[in-house]
Q: 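Starting off with a structure, shown below.
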Amino acid sequence: MPDSPITERPETEREDFIREIVKDDLARGAVSAVVTRFPPEPNGYLHIGHAKALCLNFGIARQFGGICNLRMDDTNPAKEDVEYEDSILDDVRWLVAGWADDCLGLKARGDVARADGRDFHLAAVPPASAHGRALEPFRASDYFDALHAFGVRLIESGKAFVCDHTAEEVDRMRGAPGEGGQESHYRGRSAAENLDLFARMRAGEFPDGARTLRARIDMASPNVWLRDPVLYRIRHASHHNTGDRWCIYPLYDLAHGLSDYIEGVTHSLCTLEFVSHRPLYDWLLEALALPRALPHKYEFARLNLAHTVMSKRKLLRLVQEGRVSGWDDPRMPTIRGMRRRGYPAAALRDFADRIGVARRENRVELALLEHCVREDLNRHALRRMAVLDPVRVVIENYPEGKVEEFELADNPEDSAVGTRRVAFSRELWIERDDVREVPPPKFFRLSPGVEVRLRGAYWIRCTAVRTDATTGEITEVRATYDPETKRSNAPDGRKVKATLHWVSASHAIDAEARLYEPLFTAEDPDDVPDGADFTQGLNPRSLELRQGCKLERALVDAVPGQPLQFERVGYFVQDGAESRPGAPVFLRTVTLKDAWARVEKRGG
RNA sequence: UGGGGCGUGGCCAAGCGGUAAGGCACGAGACUUUGGCUCUCGCAUUCGGAGGUUCGAAUCCUCCCGCCCCAGCCA
């Protein structure tokens, strides 16, 4: 269509500065196949901030036909645990399922970095060529032999030395930003002496903290990470993967860059707080004069989400102090919490895509996340009727004992999904919120004299509202129905301004609903007055329990995890963890947008 | 006061010297058997500030201001 007046712009892939770099590296042949990695430390559960990093790394692998290795960054035996490894792998699989399964880089169970002459290498096993072998995540601890060999090599070339200073001395001698550091008294040791000492460190001759292996770089560097950083420390501790094989463990800077190298990572993406480590990352790689192509590190801004905290330390505190029920509490920003609450993986990916990737500090509004969740759920959730705060309505002219069944669509967005049958009778439950004895302006719902539609059934007109004499609370609504309006409009052309959801009283099932609000009242829970604790910003109303909710019969067949929309109320999931036979529990994933609530708010 | 990073609408975010994309939020309207969904329209004469270069600057230069990160044998 060259003569078309409008030139259709080709669908452009999302662009960010990192993808620009990758694209450029590919174009000029600097790399032939992209390898990224997602390297959580197994000392906590994944959260939405990890999801951003995961989507970036897997998204790039996917977009450029590469692979993204899942790697446990487990170099600190004191803090890590297998319990966390399992949950991380599970969450990663969940996030990637149906999207980037083929890009998930795992290794054959038991494999460690392979020595190849002086080089060490370990590549992902493509799922297709696993040949029935079990696969597992990469682990920095599987490179301990390689890392140790690299340490030895640094000593041999005079680029590392064993230091006997205590932790306090090292701290003091490092100097403050602005003033240079002081060289270790042991900096001048011969390679032979260093080798001997390092071997004895490894052999367990010295207690924890007695000596360290340090890089010999520059104590006068304005970048404190170049002031002879510690590479290895002594820790007589059992590691969840390597057991008691080691009593010296590498530190992040040594382990991370070399793990990247071992796995053949091309683009190593991490968050901004590590930019000052990049010179060290590059220094270590270059100091080793390695035979293969070196990885390159790039940094992006971590995600901050309004009304929640993201640091593992703080999330752990919420769990330990019982402020939430656990890591999978539906109010938690953890992947497990969000999964339990019914957030679809696709929505999380969409969210990650929409927030973008940049180097600017950011704090994303909850509204965007919720928008992504609603957009996905609107297409996939089964429609059901549920009355959360029931009030009885008696249809005076509907025969006692009569029951009709109406067939309602499971999802009006997608007629292929199917239908279900809903019983209708003389006494129904409707939402307390949908009735007012004295209607405020713009209130279209039920009040004396007003006619409304009952979804998928008849029109009813309110004849009276009975209230409790003392509290004034509505106890019962009386109404009449018009048989002519069965599943249709009124033949005489009357209009109705509202449609209400309802549940037949004699057919309803009882359930508990849990309604959630943000965990923290403040947008930035860390922004508390001097010295105060972030927990003081906790939202006392973050969880609301509703017992005695009335649900339509079809919900007895609800499957935990299946997305539901309680019409006019919100999206819900049945909770697999706490539902009991005959006593189901439903969690509110997210509310529906509510135009009336906005009108009400503005008016009052 | 050392080094590094960053400042584009309420929140994200494009923009890479040619005259401010897009999304969310918000507002107005249409449609509607969910006050949902969908659709339409509106929403930065201006890019932290001040100078300068240029025919032309958010983009280049200079100075200034503000915010964030770094002194773990954590990651």
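Every heavy atom of this structure was used, including side-chain atoms; hydrogens, water molecules and symmetry mates were not. Just so you know, these numbers come straight off a predicted model, no measurement behind them. Naming: A, B, ... by sequence-line order, numbering from 1 per chain.
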Q: Let me know which of A:R383, A:R568, A:M385 forms a side-chain contact (heavy atoms from CB on, under 4.5 Å) with A:R455.
A: A:M385
Q: Would you mind calling B:rG72 syn or anti? Take O4'-C1'-N9-C4 for purines or O4'-C1'-N1-C2 for pyrimidines, and syn is within 90° of 0.
A: syn
Q: If you check the A:T212 side chain, which of B:rA25, B:rC73, B:rC12 turns out closest?
A: B:rC73
Q: Measuring only the P atom in each nucleotide, how far is B:rG22 from B:rG66? A whole number of Å is fine.
A: 35 Å
Q: Given that both distances must come in under 3.5 Å, which nucleotide forms a Watson-Crick or G-U wobble pair with B:rA25?
A: none
Q: What interatomic distance, in whole Å, is found between P of B:rC73 and the corresponding atom of B:rG15?
A: 39 Å
Q: Would you say that A:R598 contacts A:K601 through its side chain, given a criterion of any heavy-atom pair below 4.5 Å between the two side chains?
A: no
Q: When you compare B:rC16 with B:rG10, how far apart are their C1' atoms, in angstrom units rounded to a whole number?
A: 28 Å
Q: I'd like to know if A:R354 pairs up with A:E375 as an ion pair, taking the criterion as any Lys NZ or Arg NE/NH1/NH2 lying under 4.0 Å from an Asp or Glu carboxylate oxygen.
A: yes
Q: Can A:R436 and A:E600 be counted as an ion pair, charged N to O under 4.0 angstrom?
A: yes
Q: Between B:rC64 and B:rC70, how far apart are the two C1' atoms, rounded to whole Å?
A: 25 Å
Q: Which residue lies toward the 5' end of RNA chain B, A:R360 or A:S488, if each is placed at its nearest nucleotide?
A: A:R360
